[in-house]
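Report on the structure given below.
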Amino acid sequence: MAMILGCLLLMGTYTFYQYFLNRDRTFLYYALYAGTAFIWVVKMMNSRFGLGLISASYSLLNHPNLPSLSFSIGIFYAMFLLKILDLPTQQPKLTRLIRGLVWLLVGQQVLSFVQAFGGWLFASNMYYIFQDLPNILTGVLLIVATARSHSPLKPYLLTGGLALYLITFFPLHGFFRFYGLTPVQETFTYYPPFFMSVGMVIDLFCFAMALAYRSRLVEVERNQIQERYTQDLEAQLAQRTEEIEQQSRLLEAQHIRQLETEFEQKLADTEMTALRAQMNPHFIFNCLNSIKLYTLDNEADKASDYLTRFSRLIRLVLENSRSEMVPLKNELEALQLYIELEAMRFKQKVQFAIHVSPNIDQQYLRIPPLLLQPYVENAIWHGLMHKPEGGTVTVEVSQQEENLLYIEISDDGVGRERAAELKSKSAGRHKSFGMQVTADRIRMINQLYNTQTKTQIVDLVDSFGEPCGTRVILEIPV
């Protein structure tokens, strides 16, 4: 029975920790069932073997049937099966009957505690003789409900339930008999709580296997959902890329004579091309490959995190690209998501920091969309990727004048001159193209809104005159 106690304590503690981690009430009911069974066995051992765990002044507490915890065991047993088999949805009529019996068990449990401190309430023994009938009936209905269930966990749960009830009733129906036992041995051998304890341990073991199999099913389903989502995303991105390329070819083939029409066409084409520079197919497929690698390595949490950030970035870029001006907050959020994805893809080789002056209302100030990302991308690919240890990109946003927004993008990379010498393939033509598109957009924005947005690029050097990075300064009228 001490070994049984150890099993109950271990199972209860482990499943309660599982509940603490994921807040799944299935684990909570399991832990309460195992924990209540543990206390019940301790009480029965104390009464049976005279362990003296309860003071003699509380005589009724030492009685094996007061307070009886078998009602609570039945309550948590029923709640666990109702939850894990989803019986309220699959078998609503039987569930209502089981819940009625559970409430009856709750009343019996309260009555048991009242009697433990106030004395026996019934003069007749009829109630005490038949007080376990609701518990037995609840167990029988739960076995029937389990047998009728279509859950993949049915074999484990049905095996555990049958083992509990069959083993519990072994010493009562005389299915077996041992001979040659001493009176003490015979008394212990035919002690019903011992067999009930054995049955609960087997039942809990089957429940543990059911929970493990359930976790496996959840993991398989989650992986399938992620795989389908990735495939759908790849198909959508491929279709969108083809549409963008086809539209670009059509725009290039057109010859517009009127100045206003030409300007509008050029602006639309430039904005669309800026979107492509922001989220070009090369970057998209790199992200998808990273998700694929995480999935193949069974790093589901990292793949899910990466996929969540990637989908948020896609949505932000598509939303921001529809507006001529967007809040500074939206632009910085998209920029941070982009840098986080690059940092995850390059194993944290890229560090970053975004600082915004507290006096700036990020929701009120509006700037052209997709304006900052090409400069940050240029800093990562031209500056930091040439350093084995990587580096840091810093974005500083301030408003030194009332109608002028200052944005500084700095990196501690190898500098423009060294980057030009290396001519990294990963920072090839599409990177320079993105910078050129951004410069064109700034020029057109100045013409359209009659503003003076300025860009300045500064080569940083250390105290020895060696290149130590690049700083881009944007001055944006607001």
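What you see is a predicted model, and the numbers here were worked out from it, not measured in a lab.
Looking at T95 and R99, their side chains come closer than 4.5 Å, going by heavy atoms from C-beta outward. Between I84 and L211, the closest side-chain pair of non-hydrogen atoms falls below 4.5 Å. Two residues are said to be in side-chain contact when any heavy atoms from C-beta on lie closer than 4.5 Å; Q226 and S304 meet this criterion. Side-chain contact between D203 and V201 is absent, with no heavy-atom pair separated by less than 4.5 Å. At a threshold of 4.5 Å between non-hydrogen side-chain atoms, the residues D411 and L384 count as touching. The shortest side-chain heavy-atom distance between M11 and F205 falls under the 4.5 Å cut-off. Counting heavy atoms from C-beta outward, Y33 and I75 have side chains that stay 4.5 Å or more apart. I4 is not listed as a side-chain neighbour of M200, based on a closest heavy-atom distance of 4.5 Å or more.
A donor-acceptor distance shorter than 3.5 angstrom exists from the side chain of E331 to the backbone of L372, with no hydrogens or angles considered. S149 places a side-chain N or O within donor-acceptor distance of the main-chain N or O of S151, the cut-off being under 3.5 Å. Judged by distance alone, with hydrogens and angles left aside, the side-chain atoms of N135 form a donor-acceptor pair with the main-chain N or O of S70 at under 3.5 Å. Side chain of R309 to backbone of L341: no donor-acceptor contact under 3.5 angstrom is found. Put simply, the side chain of Q108 gets close to the backbone of Q131: a donor and an acceptor are under 3.5 Å apart. The backbone N or O of L335 lies less than 3.5 Å from no partner atom in the side chain of Q373, so there is not a single donor-acceptor pair. Looking at Q399, its side chain never comes within 3.5 Å of a backbone N or O of N359 through a donor-acceptor pair. Judged by distance alone, the side chain of T15 and the main-chain N or O of G12 form a donor-acceptor pair under 3.5 Å. Formation of a donor-acceptor pair under 3.5 Å by the T146 side chain with backbone atoms of G161 is not found in this model. K154 places no side-chain N or O within donor-acceptor distance of the main-chain N or O of L85, the cut-off being under 3.5 Å.
Between L313 and L337 the shortest heavy-atom distance is N-CD1, 3.8 Å.
Sorted by first and then second residue, the ring-ring contact (aromatic ring centres under 6.0 Å, His included) pairs with a member in residues 130-162 read Y156-Y213; sequence neighbours excluded.
Remark: R216 engages no residue in a side chain to side chain donor-acceptor pair (under 3.5 Å) (not counting sequence neighbours). Taking the side chain to side chain contact (heavy atoms under 4.5 Å, CB included) definition, one finds that D24 meets it with N22, T26, F27, K83, R214, sequence neighbours left out.
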Practice prompt. Please assess E243 against R240 for the test salt bridge (Lys or Arg N to Asp or Glu O under 4.0 Å), listing each intermediate value before the final yes or no.
Written response: CA-CA 5 Å; E243 291 175 357; R240 182 59 177 164; 3.5 Å; yes
Discussion item. Run R312 and E333 through salt bridge (Lys or Arg N to Asp or Glu O under 4.0 Å) and show every step you take.
Written reply: CA-CA 10 Å; R312 285 176 56 198; E333 184 180 0; 3.2 Å; yes
Item to complete: Given side chain to side chain contact (heavy atoms under 4.5 Å, CB included), test E234 with T230 step by step and report yes or no.
Response: CA-CA 6 Å; E234 288 178 343; T230 301; 4.1 Å; yes
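Ring-centre distance between Y30 and F80: below the 6.0 Å cut-off.
In this structure, a donor-acceptor pair under 3.5 Å is present between the side chains of D86 and T89.
Relative ring orientation between Y19 and F16 is described as tilted, the plane-to-plane angle lying within the 30° to 60° band.
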